[in-house]
Structures are given as structure tokens and as C-alpha cells.
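Just so you know, these numbers use all the heavy atoms, side chains as well, and skip hydrogens, waters and symmetry mates.
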Amino acid sequence: MSMSGRVVAITGAARGIGAQTARQLARRGARLALIGLEPDELAAVAAELGDGHVWFEADVTDPESIGTAIEKTAQQLGGIDVVVANAGIAPFGTVRHHDPKAFTKTIDVNLNGVFHTAQAAMPHLVERHGYLLVISSLSAFTPIGGMAAYTASKAGSEALASALSSETSHLGVAVGSAHPSWIDTDLVRDASADLPSFRAMRAKLPWPMHSTTTVEDCARAITAGIERRARRIYVPRSVMLMHWLRNLPSSRLVELLMKPVVRRLLPQMEQEVARLGRGFSARNQKLQSGD
């Protein structure tokens, strides 16, 4: 699928994977609708992309808000060919000490937000025989301690994409899910800065679970996947191995190998989160509170 002249709407497009994917698609001739919660950053990315691109402030957890952004995209750009459901957050902490509001908010953004985005966009995608890409994660295949909310939400978004694929294929709409490993974004950098235990945990994970990819390489892989209307996109490609071996991380063998690390680092993580006094990075905390 050539991107030239195609209309692509991306949620969570103010920074990170969303913004960089928008840049890649714009270079291929696509017209972008950037959707997110940070108007100044969205406007800056849109200006960088040049004429013919638009942006809308919207909250994916609010059906009316994301619905309005999708409708305005179709009205101003003449339809929608591709939607990238990329908006996502990642909280800190173990289930034992998790802030319930942070857990619920993560599910609301990372899973319910995908549902609201897909439902709002589907009439337009059916009309154009388009493509929906859900940004899931390697975490959907490899649950680890301290990331229960994120893992649950991303596993749910992968399952939602699979169900949608079976529901819409006869309508000419393709649905895919992308599964990045650790990407050098604000989200990962903020967690690493806030939690030394998070850095140490990542370093102890076996290959390919510990590898880090630049946001530029990630966006190139996602863009290539969009062009071929891929059912799944792995970033890096070695993540495909974890898809096929998805039961391995929760196996008794891996649990035994990781037990000394978990025993040492999870109590440390709980203490670090308690000292922070918040369930998200400072940036995400501010966005989710609406300040």
C-alpha cells in the first residue's frame, strides 16, 4: 500500500513512537492527523511536517472526545485510510502496593482507548478498505513483575486486535498489532530515571527481552508494516521469537532463574515508588490529572 496521498490518524502523536512514525509517513507522502493530549507538542510536530497536516487535542478514554477528532480528521482531510492506535501510558509498582487509580487508568488508556479509537474510526476504514494498527508491546508476550498493569493492558490490546481482525476482514479492513521491545522514548527514559530497580531489572532480562531500539528504527519498522498492512509487526524482529515462545517467560524454569533477581529488586521497586509518591512518571502524572 503506497502511502502517497493516504490519510493517517495517529493517537499519542505528540512525541515518541507516534511523532516519529508521523515523520516517516509524511516523508512517504501521507497526510497526517496528529491526535493527543499535548496541544503545544502536537502543533509543533504538525508544523514540522509542513502543509497539509492537522492536529487535534483529544482523550482516547473519552468516546466523544476521540470520536470528534476522528470525524474532524475525515472532514478536513477527505476520509481516513489508516489509523494507528498508539496512545499509551505505563505506571510503576507491584500489584501488592499498586495505586488502584493508576492501574485502572492504565487499562482505560491502553485498552479501552484502543476500543474507543477503533470504534470511532471503523466506518471510515470500512469505506476506504483501510488498515488499523494497534500498538501493543513485547510485554503482551512476556509478563514480568513490576509491570502488571502495563502487561495486562497490552495483552488485552493484542487480543482486541486479533478479534477485530476476524470481525473486519470480510469488510476489506485489515487489522494489525505492533510489538516493540524497549524503545528509547520519554516513557522508558522517565521510568529508568525514577526507578534504579527498573534499570537493574531490564539489565537482567535474557535476550531479546533486554534489547533497546532507537525510536527512529522503531518508526521505520512500523511504517514498513503499515505499507504492507501487516498482521503483526515486531520491533526488533527478534521479538517474533518471544511471540512463538510466549509461554516461556512464565514457565517454571524462567521463574527459577529470575527468582534471585525478583526477590532483590521488587522490594526495592516498591520502596522507590513509595518514595516517589506517585504511580506514573512526572510527565504522565501531569497529563492524566489534566493540569
Taking all non-hydrogen atoms of both residues into account, name the closest pair between [X] and [Y] and its distance.
{"X": "A230", "Y": "Y131", "answer": "O-OH, 2.6 Å"}
{"X": "A58", "Y": "I35", "answer": "CB-CG2, 3.7 Å"}
{"X": "Q24", "Y": "A219", "answer": "CG-CB, 3.9 Å"}
{"X": "T61", "Y": "P63", "answer": "O-CD, 3.6 Å"}
{"X": "V235", "Y": "A221", "answer": "CG2-CB, 3.8 Å"}
{"X": "A149", "Y": "I107", "answer": "O-CD1, 4.0 Å"}

Between [X] and [Y], is there a donor-acceptor pair closer than 3.5 Å when you use the side chain of the first and the backbone of the second?
{"X": "H124", "Y": "G79", "result": "no"}
{"X": "N86", "Y": "T11", "result": "yes"}
{"X": "S153", "Y": "Y150", "result": "yes"}
{"X": "T151", "Y": "A148", "result": "no"}
{"X": "S165", "Y": "A161", "result": "no"}
{"X": "R229", "Y": "G225", "result": "no"}
{"X": "H179", "Y": "S137", "result": "yes"}

[X] side, atom [atom1]; [Y] side, atom [atom2] - distance, nearest 0.5 Å:
{"X": "L25", "Y": "I10", "atom1": "CG", "atom2": "CD1", "result": "5.5 Å"}
{"X": "L42", "Y": "H53", "atom1": "CG", "atom2": "NE2", "result": "14.0 Å"}
{"X": "N112", "Y": "K105", "atom1": "CG", "atom2": "NZ", "result": "10.0 Å"}
{"X": "M3", "Y": "T223", "atom1": "CE", "atom2": "OG1", "result": "8.5 Å"}
{"X": "D59", "Y": "S65", "atom1": "CG", "atom2": "OG", "result": "5.5 Å"}
{"X": "R6", "Y": "M1", "atom1": "CZ", "atom2": "CE", "result": "6.0 Å"}

Flag yes if L171 and L160 sit in one hydrophobic cluster, no otherwise; membership is Ile, Leu, Val, Met, Phe, Trp, Tyr, and two members link when side-chain heavy atoms are under 4.5 Å apart. yes

State yes or no: do L132 and V126 share one hydrophobic cluster built from I, L, V, M, F, W and Y residues joined by side-chain heavy-atom distances below 4.5 Å, directly or via other members?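 In one cluster with L132: V126, yes.
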
Validation row: [X], [Y] side chains within 4.5 angstrom (heavy atoms):
{"X": "F141", "Y": "Y234", "value": "yes"}
{"X": "V7", "Y": "V82", "value": "no"}
{"X": "E158", "Y": "R232", "value": "yes"}
{"X": "R28", "Y": "E227", "value": "yes"}
{"X": "V84", "Y": "I226", "value": "yes"}
{"X": "I80", "Y": "R128", "value": "no"}
{"X": "L37", "Y": "V60", "value": "no"}
{"X": "L164", "Y": "M122", "value": "yes"}

More than 12 heavy atoms of other groups within 6.0 Å of E64 CD: no

Please assess S177 against S136 for the test side-chain hydrogen bond (donor to acceptor under 3.5 Å, both in side chains), listing each intermediate value before the final yes or no. CA-CA 6 Å; S177 57; S136 179; 5.9 Å; no

Give the C-alpha distance, both sets of side-chain angles, the deciding distance and a yes or no for side chain to side chain contact (heavy atoms under 4.5 Å, CB included) between I17 and I183. CA-CA 8 Å; I17 293 172; I183 308 300; 4.2 Å; yes

What's the verdict on side chain to side chain contact (heavy atoms under 4.5 Å, CB included) for V54 and L34, showing C-alpha distance, side-chain angles and the deciding distance? CA-CA 6 Å; V54 297; L34 311 175; over 6 Å; no

